[in-house]
Protein chains: 2
Amino acid sequence: MKLTTKGRYAVLALTELALAKENSLVKITEIAVRQNISSTYLEQILLLLKNSDLIIGVRGPNGGYKLSTSPENIMISDIVNIVEGRMEAKGCVSKSGSCTGVSGRCLTHDLWDELSRHIELFLGQISLKDIIAGNVLGRSSPPKVLELK
Amino acid sequence: MKLTTKGRYAVLALTELALAKENSLVKITEIAVRQNISSTYLEQILLLLKNSDLIIGVRGPNGGYKLSTSPENIMISDIVNIVEGRMEAKGCVSKSGSCTGVSGRCLTHDLWDELSRHIELFLGQISLKDIIAGNVLGRSSPPKVLELK
DNA sequence: GTATTTCTTGACAAAATTACTCGGAAAATA
DNA sequence: TATTTTCCGAGTAATTTTGTCAAGAAATAC
């Protein structure tokens, strides 16, 4: 699970779509100007999200983008996974492919695996709706929360 | 909290040190060969860890590196934070520095903040000892665990 | 149909970061 | 002194990220 500006732009853009009036269309340039992002770069990103059916693009005058479903059904992990490739998480497949190194097999393998699983779990619990509701921090909402025991 | 091969190499190398007999010294080249990493690159990384007093370097014949403290006292987050710079986590300070964009302030700010806090928390609970004990997955050990409620 | 708006697509280029190399110096041992 | 090892700074190659550009396609308004 990589995380670059690409992923952040994607979440930001979809947040804008989520904020728009239901079924109204938002143009790329609107988002780009508001958020001060390169509009041509944003094009690329929204295209990825469209091809994965997370958003719907409408061409022609007064066209634009809208979410394909309601904000509570779109999780942050969905967005990030689409625009950033899924992270390999291994960090041990050095060359021969196998994971059994000379030093008594790959000890850190599980660590990175578990970390990315953890991140995925975290971002999979937060929806666009949570974000526009400011419901990210100190989440005490009905859905599962991660907590120290 | 970035995560590149640099961070993974660092954890891997320190795992090797943790596996070594108490107070025995391990050479850079030993680790490099065993893990199939560039030894000169590994030098740089171990140097960083040494300058942060996580490990101790001994020069001269039969020199090498050893941990500066016992494996259970070294957390993965310590290691990663040293070799990768601390991640900015914001993703919203576009230009003017302030966080109040035109689109009704920075909605995703909290999200990335919370994510990196979460990662830090996770890696801060796992020590080198846990790794060499294979105690990463399905942790049910005495120390605090992250768990779904 | 024509013009306009906007998305769609692909190829390309600049910038930044990551990953690694190199040459040598300092310290310790023998 | 010679050898072995860490230490240190600078520089370079490779990759990834972050864009730009130009042209095409679809929908709408006129």
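A note on names: the letters A, B, ... follow the listed sequences, proteins ahead of strands, and every chain is numbered from 1.
Distance CG (B/Leu42) to C1' (C/dT21): 14 Å, rounded to an integer number of Å. For the pair B/Lys6 NZ and D/dT16 P, the computed distance is 17 Å after rounding to whole Å. What separates CD of B/Glu84 from P of C/dT17 is a distance of 13 Å, to the nearest Å. Atom CD1 of A/Ile31 is separated from atom C1' of C/dT6 by 13 Å (rounded to the nearest Å). A/Arg8 places its CZ atom 12 Å from the C1' atom of D/dT17, with the value rounded to the nearest Å. Summarising the geometry, the separation between CG on A/Leu49 and P on C/dT9 is reported as 14 Å, rounded to the nearest angstrom.
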What does nucleotides 3-10 of chain D look like as a protein-contact string, B for base, S for sugar-phosphate only, - for none, at under 4.0 angstrom between heavy atoms? -BBBBB-B
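Formation of a donor-acceptor pair under 3.5 Å by the A/Glu84 side chain with backbone atoms of A/Thr4 is found in this model. Under the 3.5 Å distance criterion, the side-chain polar atoms of A/Ser68 are matched with a main-chain donor or acceptor of A/Asp53. No donor-acceptor pair closer than 3.5 Å links the side chain of B/Ser127 to the backbone N or O of B/Asn73.
Side-chain polar atoms of A/Gln125 and A/Asp130 form no donor-acceptor pair below 3.5 angstrom.
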Using a 3.5 Å limit on both pairing distances, list the dot-bracket string of DNA chain C from the 5' end; Watson-Crick and G-U wobble pairs count, crossing pairs take [ ], interstrand pairs take |. ||||||||||||||||||||||||||||||
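Residue A/Thr40 places no side-chain N or O under 4.0 Å from the OP1 or OP2 atom of D/dG19. Between A/Tyr41 and D/dT17, a side-chain N or O to OP1/OP2 separation shorter than 4.0 Å is absent. Remark: B/Thr4 is not in phosphate contact with C/dT18, judged by side-chain N or O atoms under 4.0 Å from OP1 or OP2. Put simply, B/Lys2 has a side-chain N or O that comes within less than 4.0 Å of OP1 or OP2 on C/dT18.
Put simply, A/Leu49 and A/Leu19 are part of the same group of oily side chains (I, L, V, M, F, W, Y) that touch within less than 4.5 Å, one to the next.
Around NZ of A/Lys129, the count of heavy atoms belonging to other residues, nucleotides or ligands within 6.0 Å does not exceed 12. At most 12 non-hydrogen atoms from other residues, nucleotides or ligands lie less than 6.0 angstrom from CG of B/Asn62.
Looking at A/Arg34, A/Lys21, A/Lys66, A/Lys27 one by one, the single match for salt bridge (Lys or Arg N to Asp or Glu O under 4.0 Å) with A/Glu16 turns out to be A/Arg34.
Atom CD1 in A/Ile131 sits 4.5 Å away from atom CG in B/Leu111 (nearest 0.5 Å).
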